[in-house]
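What follows is a single structure, written as structure tokens, with notes after it.
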Amino acid sequence: QVQLVESGGGLVQAGGSPRPSCAASGSRLSARLMCWYLQSPGKQLELVASITSGGTTNYADSVTGRFTISRDNTKNTVFLQMRSLKPEDTAVYYCNADYWPHAANPGAYWGQGTQVTVSS
């Protein structure tokens, strides 16, 4: 079973630049797509950024130009480099990995999330 473990969150001052990471284990192959989502209190999950196995990226408008998603396939790890953080970026950030239907471990998997709190 695939397991995702996020780390690197915490309390950061506005304008800070943390770099949460998400390490995947339990899969022999790289995920088709890896994503970062956020969830603010009382709100639904929102897609922050995604990256394909080939390195193609996509970003939400709110983070374009500030966040950078990347992945290290040799280590099965995805990163989210945050920059110029704002208080409204405060949320729990979740990692998601999606595998091809024909894979030994098909479907989507979620991490437990890492809290990022941005202070003014």
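Position 1 is the first residue of the sequence; numbering continues from there.
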For residues 23-33, please give each side-chain donor-acceptor pair under 3.5 Å, one per line with the distance, not counting sequence neighbours.
| unit_1 | atom_1 | unit_2 | atom_2 | d |
| --- | --- | --- | --- | --- |
| Ser27 | OG | Leu29 | N | 3.4 |
| Ser27 | OG | Leu29 | O | 2.8 |
| Ser27 | OG | Asn105 | OD1 | 3.3 |
| Ser27 | OG | Asn105 | ND2 | 3.3 |
| Arg32 | NE | Asp98 | OD2 | 3.1 |
| Arg32 | NH2 | Asp98 | OD2 | 2.3 |

With under 30° as parallel and over 60° as perpendicular, where do the rings of Trp110 and Tyr94 fit, or are they tilted in between?
perpendicular

Side-chain donor/acceptor of Ser50 to backbone N/O of Met34, under 3.5 Å:
no

Looking at Gln112, is its backbone amide N or carbonyl O close enough to the side chain of Glu6 to form a donor-acceptor pair, meaning the two atoms are under 3.5 Å apart?
yes

More than 12 heavy atoms of other residues, nucleotides or ligands under 6.0 Å from CD of Gln44: yes or no?
no

In the hydrophobic clustering that connects Ile, Leu, Val, Met, Phe, Trp and Tyr at side-chain heavy-atom distances below 4.5 Å, which members other than Trp100 occupy its cluster, ordered by chain and number?
none

Can you name the side-chain hydrogen bond (donor to acceptor under 3.5 Å, both in side chains) partners of Thr57, sequence neighbours left out?
none

Does Ala60 have any side-chain contact (heavy atoms from CB on, under 4.5 Å) partners at least two apart in sequence or in another chain, and if so, which?
Ser62, Val63

Residues Gln13, Val118; criterion side-chain contact (heavy atoms from CB on, under 4.5 Å); working and verdict
CA-CA 5 Å; Gln13 295 285 332; Val118 184; over 6 Å; no

Inspect cysteines Cys95 and Cys35 and report if their side-chain SG atoms are under 2.5 angstrom from one another.
no

Is there a continuous path of hydrophobic side-chain contacts, each under 4.5 Å between heavy atoms, that joins Tyr37 to Tyr59?
no

Within a radius of less than 6.0 Å around CD of Gln39, do more than 12 heavy atoms belonging to other residues, nucleotides or ligands occur?
yes

Does any non-hydrogen side-chain atom of Thr117 lie less than 4.5 Å from one of Val12?
no

Dump the intermediate steps for side-chain contact (heavy atoms from CB on, under 4.5 Å) on Phe79 and Cys22, then the final yes or no.
CA-CA 6 Å; Phe79 305 89; Cys22 171; over 6 Å; no

Of all the heavy-atom pairs spanning Leu85 and Pro18, show the shortest one and how long it is.
CD1-CD, 3.2 Å

Least distance between heavy atoms, Thr114 atom then Gly9 atom:
OG1-N, 3.1 Å

In chain order, what residues pass the side-chain contact (heavy atoms from CB on, under 4.5 Å) check against Ser40, with sequence neighbours excluded?
Leu38, Lys43, Ala91

Single-linkage hydrophobic cluster Val92~Trp36, side-chain heavy atoms < 4.5 angstrom
no

Any idea which heavy atoms bring Tyr93 and Leu80 closest together, and the distance?
CD2-CD2, 4.1 Å

Applying side chain to side chain donor-acceptor pair (under 3.5 Å), which residue pairs with at least one partner in residues 64-81 are found, sequence neighbours left out?
Arg66-Asp89, Thr68-Arg83, Arg71-Asn73, Asp72-Thr74

Closest non-hydrogen atoms of Pro87 and Ser120, given as atom of the first, atom of the second and distance, are CG-OG, 3.6 Å

